[in-house]
Amino acid sequence: MKIICHRANLDGPSSNENKCEYIDKCIEYLFDVEIDLWRLDNSLYLGHDEPQYKVDFEFLASRNNSLWVHCKNLNALNFLSLADISFNYFWHQNDDYTLTSKGFIWAYPGKNLSKQSICVMPEWDNSNFEQPIEFKNMFGICTDYPHRVSQLFKKYEKTTLHQL
């Protein structure tokens with residue numbers, strides 16, 4: 001099960017979204033990270049609603065295997081599509097499903113899932129995680145609460161092992 005920190009959040013939404021030091025903190029916890037990338041005037045920036053934090057290509061390249069890059073404009077999408085490094089990137093607006101560059105299905109919250117799907121923001125429909133998450137029908141989860149999801153997954157694994 002791949003657990004992906006939404007915008008580098010670990011325990012809920014915060015003002016530290018998309019900041020380099022928090023991206024690194026998520027990776028230290030062995031989580032992947034969904035980041036928002038912009039490209040303007042040949043420079044790269046992180047930020048959700050607007051380009052906020054300038055970042056160099058080397059920062060992204062050295063963390064490539066842990067990043068899920070949400071391209072926020074056409075220039076970022078085009079830049080990554082031409083990069084020598086194989087990033088896992090995608091663009092979406094309000095689509096039910098988006099295919100990432102590495103063949104994963106990025107599923108809008110509340111949509112049906114498959115074994116290649118990333119369940120995005122399950123907390124939108126299940127704010128307190130009171131309803132069990134069906135971990136078996138997905139490749140991973142992108143959430144603002146990766147620590148909580150990790151705990152739930154460990155409980156799920158124990159329960160599943162006991163049922164065998």
Side-chain angles (χ1 to χ4, degrees), residues 1-38 46-50 52-53 55 60 63-73 76-77 80 86-164:
M1 167 65 58
K2 185 69 69 177
I3 299 176
I4 305 164
C5 301
H6 181 242
R7 300 183 199 144
N9 291 318
L10 283 165
D11 294 299
S14 81
S15 60
N16 297 313
E17 291 183 343
N18 284 299
K19 289 185 178 176
C20 294
E21 57 269 26
Y22 289 90
I23 293 167
D24 285 340
K25 190 178 224 183
C26 294
I27 293 170
E28 285 175 23
Y29 280 112
L30 304 179
F31 294 124
D32 279 11
V33 189
E34 181 267 346
I35 61 170
D36 298 315
L37 183 71
W38 300 77
L46 300 173
H48 177 64
D49 292 323
E50 62 187 351
Q52 291 178 287
Y53 313 109
V55 64
L60 300 175
R63 292 152 181 83
N64 176 42
N65 291 329
S66 299
L67 298 178
W68 297 69
V69 184
H70 179 182
C71 297
K72 299 299 280 189
N73 64 358
L77 186 64
L80 291 185
S86 179
F87 286 93
N88 192 11
Y89 63 93
F90 60 96
W91 181 89
H92 76 100
Q93 196 65 32
N94 292 318
D95 309 310
D96 289 350
Y97 302 98
T98 297
L99 193 62
T100 75
S101 61
K102 292 195 175 179
F104 294 97
I105 301 167
W106 196 261
Y108 194 80
K111 299 300 176 186
N112 291 330
L113 303 169
S114 71
K115 297 278 186 193
Q116 282 298 105
S117 294
I118 303 299
C119 175
V120 177
M121 306 301 284
E123 60 266 26
W124 283 11
D125 292 330
N126 189 12
S127 61
N128 294 320
F129 296 101
E130 294 168 355
Q131 300 155 358
I133 296 174
E134 291 292 326
F135 290 106
K136 63 183 177 187
N137 291 328
M138 66 185 80
F139 180 80
I141 293 179
C142 179
T143 178
D144 281 334
Y145 299 90
H147 281 141
R148 179 76 177 119
V149 168
S150 179
Q151 292 170 348
L152 291 171
F153 183 67
K154 287 175 186 171
K155 287 181 185 177
Y156 169 81
E157 283 184 312
K158 286 180 185 176
T159 303
T160 303
L161 285 174
H162 288 294
Q163 292 175 354
L164 294 177

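Contact detail for Asn18 and Tyr53: the closest heavy-atom pair is O-CD1, 3.6 Å. Contact between Leu10 and Pro146 at its shortest, heavy atoms only, is O-CD, 3.1 Å. Minimum interatomic distance between Val69 and Phe87 (heavy atoms only, all atoms of both residues): CG2-CD2, 4.4 Å. In plain terms, the two heavy atoms of Pro13 and Tyr145 that are nearest each other are CD-OH, 3.6 Å. Nearest heavy atoms, Gly103 versus Gln116: O-NE2, 3.7 Å.
A distance-only check finds no donor-acceptor pair linking the side chain of Glu34 to the backbone of Cys5 [under 3.5 Å]. With Trp38 contributing its side chain and Gly47 its backbone, the two residues share a donor-acceptor pair below 3.5 Å. Ser150 places no side-chain N or O within 3.5 Å of a backbone atom of His147 that could act as its donor or acceptor partner.
Rounding to the nearest 0.5 Å gives a distance of 5.0 Å between CZ of Phe153 and CE of Met1. Summarising the geometry, atom NZ belonging to Lys115 is positioned 8.0 Å from atom NZ belonging to Lys136; distances are rounded to the nearest 0.5 Å. Between atom CG of residue Leu67 and atom OH of residue Tyr89 there is a gap of 14.5 Å, rounded to the nearest 0.5 Å. Atoms CZ and CD, on Arg148 and Glu123 in that order, are 11.5 Å from each other to the nearest 0.5 Å. In this structure, Leu46 CG and Gln52 CD are separated by 9.0 Å, a value rounded to the nearest 0.5 Å. From Asn88, atom CG reaches atom CG of Asp32 across 8.5 Å, with rounding to the nearest 0.5 Å.
Between Ser101 and Leu80 the shortest side-chain heavy-atom distance does not fall below 4.5 Å. With contacts defined as side-chain heavy-atom distances shorter than 4.5 Å, the pair Tyr108/Val120 does not qualify. At least one side-chain heavy atom of Ser14 sits under 4.5 Å from a side-chain heavy atom of Asn9. Here the side chains of Leu60 and Ile35 are in contact, with some heavy-atom distance below 4.5 Å. A 4.5 Å side-chain heavy-atom check between Lys72 and His48 finds at least one atom pair inside the cut-off. The closest side-chain heavy-atom distance from Tyr97 to Asn112 is below 4.5 Å.
Applying side chain to side chain contact (heavy atoms under 4.5 Å, CB included) to Cys119 and the options Asn137, Ile105, Ile141 leaves one that passes, Ile141.
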Step-by-step side-chain contact (heavy atoms from CB on, under 4.5 Å) determination, Tyr22 to Val33: CA-CA 10 Å; Tyr22 289 90; Val33 189; over 6 Å; no
Determine whether His6 and Thr143 satisfy the following criterion, side-chain contact (heavy atoms from CB on, under 4.5 Å), listing intermediate values before the conclusion. CA-CA 5 Å; His6 181 242; Thr143 178; 5.7 Å; no
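In this pair, Phe31 and Tyr29 present their aromatic rings tilted. The plane angle is within the 30 to 60° band. The aromatic rings of Trp106 and Trp68 sit tilted, their planes meeting at an angle between 30° and 60°.
By the 6.0 Å contact criterion, NZ on Lys102 is enclosed, its count of non-hydrogen atoms from other residues, nucleotides or ligands being greater than 12.
Between Asp144 and Arg7 there is no salt bridge, since none of the side-chain N atoms of the basic residue sits less than 4.0 Å from a carboxylate O of the acidic one.
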